[in-house]
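Here is how names work: the chains are called A, B, and so on, in the same order as the sequence lines, proteins then strands, and each is numbered from 1.
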Amino acid sequence: MTNTEVARILEEVADLLEISDENTFKIRSYRRAAEVVSSLSREIGDIQATDGLESLPGFGKALAEKVGELLDTGRMAYRDDLAAQFPDGILELLRIPGFGPKRLAQVYKALGIATVDALEQAARDQRLRELPGMGAKSEEKLLHQIALYREGSQRALLGEMLPVAEELVEAVRGIEGVLRAEMAGSARRRRETVGDLDLLATSETPEAVCRAFAELGVLAEVSLAGGTKVSGLLPGGRQVDLRVVEPGSYGAALLYFTGSMTHNVNLRERAQKRGFTVNEYGIFVVKDEFKGEQVAGESEEDMYKALGLPYIPPELREDRGEIEAAEAGKLPTLIELSDIRGDLQMHTTASDGHNELRDVAEACRARGYEYCLITDHSHSLYVANGLDAERLAAQRTAIDALNAEYADAGIAFRVLAGTEADIMPDGTVDIPPGMREQLDCVLGSIHQGFSADADRITARMVAAIESGNVDIIAHPTGRLLLQRDPYGLHIEKVIEAAAANHVALEINAFPNRLDLSDIHARLARDRGVKLSISTDAHELAHLDFMKYGVMTARRGWIEAGDVVNTMPLAKFRAWLSRR
DNA sequence: GCCGTTTTCGGCCCGACTGTTTTCAGTCG
């Protein structure tokens, strides 16, 4: 059973407990456990077998026992008993925005409602207003929220939403009375997908700023507007929240609205132990003669400092050990976009790219790189016009000619010859005979046969890694965000093989791949595997995706020294000849 | 449910906004 599946069941238990009106702290324990499991870099079954489930934070006797049962038998009796008290599918109602567990329990008990359709009908028939705490306006609002839910405003790619968020921040900065504005939330943490967009501004006149933002015209609909907060929807249905605070609370508010939620909770618990309380306005003394005095709030640095910690970059604020690392002075020095000296995956018109070799090379040079690696598809990928021996050799010659031109012109930039070779079902790597030695660097990747079982795909990948014929495994898990799950793969085995054979693993920077993920990249680094961050560009504009690869790397605690394409060319060549 | 340099029992983060209310419950992040 995968970590994702276990986490999903723990979430489900939490939801069921919630609609059963259980102890909120018990519910929180299950939610925390779900988060812990989904953030694990190792397979939970492996942890059960070695260190034991009670070694996981937030796992006591009860959770270890229940999750152990789940791993051993595929079922959790506790979950099944809870679920039996409600009709199947009732939890879907919780996905309607503004409709929570208390309301769900209420309408189910009073009216037997267990589906979105039934809830909608009851609202139309004006039957909900009979219930305590509900009125005509609640029904009206609920119908609207159900319509929104049906339109399905799910998560979107970071690569899609970040430019939108940046535009919104600029728009807010243009509002009269705004002193500073910044994006917050998961976009600022650079999560691979983003739900809604969170914005923060400071002003001496928050109410006027809120009003101005609501009337700015960027929101298709304003769903909530107070004196310090505005929520609304963009034309596409994406939710935007703006929060406005006074300048002295900028850091506190930014910290708070950047999250993650669990990171904040941990900070607050830490504050409590030190006699402080934390809210979005600052850090305050709780007792004695200094009660209520503000000790921090203006900057995030101050906030962390007051809690005895160095600044923690937003990408690390996921409750994955960052506070402990900060306390021990062991935070990584995260890689920056400017550390990248070359891009190691791109396609030209020779296979399925849109641009000629020379234009691709020039575009890389224009981005300040020292080198780039051309990686057109190998012959077996017919659909992408993969290169056979003859065409691959011709490309090598063209690259040599281009490099000679650069050398004559006194330009240090160099183009490296490579290929993105298919890893065949038997694990052999699709390179024409005799060409391995002709190429500077070979990427290996799987493009077919995703549905095979995990053992087989893992064996295929490991065989390729051990063959000595690949230098880097490209998009190792094959996932397409929001579209396709990774193929079944024992990632730890792949990582171990890569470590043992000095093969690098790619963080593919294409916004719908980001593969390896942050979590797997971190695991790979911990096991001593080098990474490549590369764009997989098929047209020139794609070369700019490098930043998303770097963002994912930062979320994976990656430093410049972990990444092969931060090396100067000579050092990178030396790495390539490492065997 | 978990957890422990004051604790193995009694705690467990904090505030904004809405709708239905006369002091608050529910939802959200």
Side-chain angles (χ1 to χ4, degrees), chain A residues 10 13-14 16-34 36 53-54 56-67 78 82 93-107 128-142 144-145 184-186 188-189 195-200 206-207 210 222-232 239-245 249 252-253 255-284 286 307 317 319:
Chain A
L10 288 168
V13 171
L16 287 164
L17 290 171
E18 203 142 38
I19 66 177
S20 308
D21 200 24
E22 257 284 1
N23 178 339
T24 57
F25 301 107
K26 184 169 171 178
I27 296 164
R28 188 191 293 174
S29 299
Y30 278 90
R31 290 215 192 281
R32 167 145 166 81
V36 165
L53 295 173
E54 285 197 57
L56 294 171
F59 273 66
K61 195 156 175 272
L63 269 164
E65 201 167 289
K66 291 191 176 80
V67 172
Y78 185 59
L82 281 169
L93 289 169
L94 291 177
R95 296 176 59 185
I96 300 167
F99 191 79
K102 294 286 193 297
R103 292 284 175 229
L104 194 166
Q106 186 186 30
V107 300
L128 297 181
R129 64 183 64 180
E130 312 298 332
L131 302 174
M134 300 280 284
K137 213 158 181 186
S138 315
E139 286 173 341
E140 193 183 310
K141 195 175 166 192
L142 181 58
H144 186 62
Q145 299 296 344
S186 54
R188 182 165 182 248
R189 300 200 313 279
D196 49 18
L197 294 175
D198 298 298
L199 307 173
L200 174 72
E207 281 181 47
C210 284
V222 175
S223 45
L224 172 161
T228 67
K229 184 177 175 180
V230 179
S231 290
Q239 178 160 334
V240 177
D241 299 316
L242 171 70
R243 197 60 196 272
V244 187
V245 299
S249 297
L255 181 66
Y256 182 59
F257 292 110
T258 296
S260 65
M261 175 103 80
T262 43
H263 179 82
N264 287 338
V265 168
N266 290 343
L267 288 180
R268 285 171 184 219
E269 284 172 356
R270 186 180 175 86
Q272 275 193 328
K273 287 178 191 151
R274 293 164 180 249
F276 298 134
T277 181
V278 181
N279 58 30
E280 57 261 59
Y281 302 110
I283 300 180
F284 301 88
V286 173
L307 299 176
R317 301 179 194 168
D319 188 25

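- You'll find that the side chain of A:Y281 is closest to B:dG15, out of B:dC17, B:dG1, B:dG15.
- A:K66 has its NZ atom 3 Å from the P atom of B:dG1, to the nearest Å.
- A:G227 comes within 4.0 angstrom of the backbone, heavy atoms only, and of no base.
- In terms of phosphate contacts, A:K229 brings no side-chain nitrogen or oxygen within less than 4.0 Å of OP1 or OP2 of B:dG29.
- For the pair A:E22 CD and B:dC2 P, the computed distance is 13 Å after rounding to whole Å.
- Residue A:Q272 has its side chain nearest to B:dC12 when only B:dG29, B:dC12, B:dC17 are considered.
- Contacts of A:A225 with the nucleic acid, taken as non-hydrogen atoms under 4.0 Å apart, involve only primed sugar atoms and P, OP1 or OP2.
- With A:S138 contributing its side chain and A:G135 its backbone, the two residues share a donor-acceptor pair below 3.5 Å.
- When the P atom of B:dT27 is taken as reference, atom NZ of A:K141 falls 11 Å away, rounded to whole Å.
- Distance noted for atom C1' between B:dT18 and B:dG1: 31 Å (whole Å).
- The partner of B:dG26 is B:dC17, by the rule that a Watson-Crick or G-U pair needs both atom distances under 3.5 Å.
- Counting only heavy atoms from C-beta on, A:D196 has its side chain closest to B:dG29 among B:dG29, B:dC12, B:dA16.
- The environment of CZ in A:R274 is crowded: more than 12 heavy-atom neighbours from other residues, nucleotides or ligands sit within 6.0 Å.
- For the residue pair A:V278 and A:A271, the shortest heavy atom distance occurs at CG2-CB, 3.3 Å.
- Each of A:L94 and A:L56 was assigned the nucleotide of DNA chain B with the nearest heavy atom; the assignment lying further toward the 5' end belongs to A:L56.
- Of the candidates B:dA16, B:dG1, B:dG26, the closest approach to any side-chain atom of A:Y30 belongs to B:dG1.
- No side-chain donor-acceptor contact under 3.5 Å links A:D198 to the backbone of A:A184.
- Taking the O4'-C1'-N9-C4 or O4'-C1'-N1-C2 dihedral as appropriate, B:dT6 has a value more than 90° from 0 and is therefore anti.
- Within 4.0 Å (heavy atoms only), A:N23 reaches at least one base atom of the nucleic acid.
- Residue A:N279 places at least one side-chain N or O under 4.0 Å from the OP1 or OP2 atom of B:dG15.
- A distance of about 13 Å separates the C1' atoms of B:dG26 and B:dT21, rounded to the whole Å.
- In this model, the phosphate group of B:dT18 is not approached by any side-chain N or O of A:S138 to a distance below 4.0 Å at OP1 or OP2.
- In this model, the phosphate group of B:dC17 is not approached by any side-chain N or O of A:S231 to a distance below 4.0 Å at OP1 or OP2.
- If you measure from atom CG of A:L142 to atom C1' of B:dT27, you get 13 Å, rounded to the nearest angstrom.
- Side-chain nitrogen and oxygen atoms of A:R28 include at least one within less than 4.0 Å of the OP1 or OP2 phosphate oxygen of B:dC13.
- Residue A:R270 contributes atom CZ, which lies 14 Å from atom C1' of B:dT5 at whole-angstrom precision.
- A:K273 comes within 4.0 angstrom of nothing in the nucleic acid, heavy atoms only.
- A distance-only check finds a donor-acceptor pair linking the side chain of A:E139 to the backbone of A:L128 [under 3.5 Å].
- In this structure, A:E65 places its CD atom 10 Å from P of B:dC2, rounding to the nearest Å.
- Going from the C1' atom of B:dA25 to that of B:dT20 covers 10 Å, rounded to whole Å.
- No contact: A:A253 has no heavy atom under 4.0 Å from any strand.
- No more than 12 heavy-atom neighbours from other residues, nucleotides or ligands sit within 6.0 angstrom of CD on A:E207.
- Spacing between B:dT8 and B:dC13 at atom C1', rounded to whole Å, works out to 24 Å.
- The same atom, P, is picked in B:dC2 and in B:dT6; the two are 23 Å apart, to the nearest Å.
- For the P atom pair drawn from B:dG4 and B:dG15, the interatomic distance equals 25 Å after rounding to whole Å.
- B:dC13 atom P lies 14 Å from atom CD1 of A:I27, rounded to whole Å.
- Here B:dT27 is the nucleotide among B:dC2, B:dC17, B:dT27 with the atom lying nearest to any side-chain atom of A:P101.
- Between the side chain of A:Q106 and the backbone N or O of A:P132, at least one donor-acceptor pair lies under 3.5 Å.
- For A:R268, counting side-chain heavy atoms from C-beta on, the closest listed nucleotide (B:dG26, B:dC14, B:dG1) is B:dC14.
- The environment of A:E65 atom CD is sparse: at most 12 non-hydrogen atoms of other residues, nucleotides or ligands sit within 6.0 angstrom.
- Considering only side-chain N and O atoms, A:Y256 lies nowhere under 4.0 angstrom from the phosphate OP1 or OP2 of B:dC13.
- Looking at heavy-atom distances under 4.0 Å, A:P97 makes contact with sugar-phosphate atoms alone, never a base.
- Counting any heavy atom pair closer than 4.0 Å across all strands shown, A:E269 reaches sugar-phosphate atoms only and no base atom.
- Distances shorter than 4.0 Å separate none of the side-chain N or O atoms of A:T24 from OP1 or OP2 on B:dC12.
- With P as the reference atom, B:dC9 and B:dC14 are 25 Å apart, rounded to whole Å.
- One interatomic measurement links the two molecules: CG of A:D241 to P of B:dC28, which rounds to 12 Å at whole-angstrom precision.
- Checking B:dC14, B:dC12, B:dG26 against every side-chain atom of A:T277, the shortest atom distance belongs to B:dC14.
- Looking only at distances, no side-chain donor or acceptor of A:S231 sits under 3.5 Å from a matching main-chain atom of A:D241.
- For the C1' atoms, the distance linking B:dC12 with B:dG19 amounts to 29 Å, nearest Å.
- In this structure, of B:dC12, B:dA16, B:dC17, it is B:dA16 that holds the atom nearest to the side chain of A:E280.
- Residue whose closest nucleotide on DNA chain B sits further toward the 5' end, between A:F59 and A:F276: A:F59.
- Taking side-chain N and O atoms only, A:K26 has a distance below 4.0 Å to OP1 or OP2 of B:dG1.
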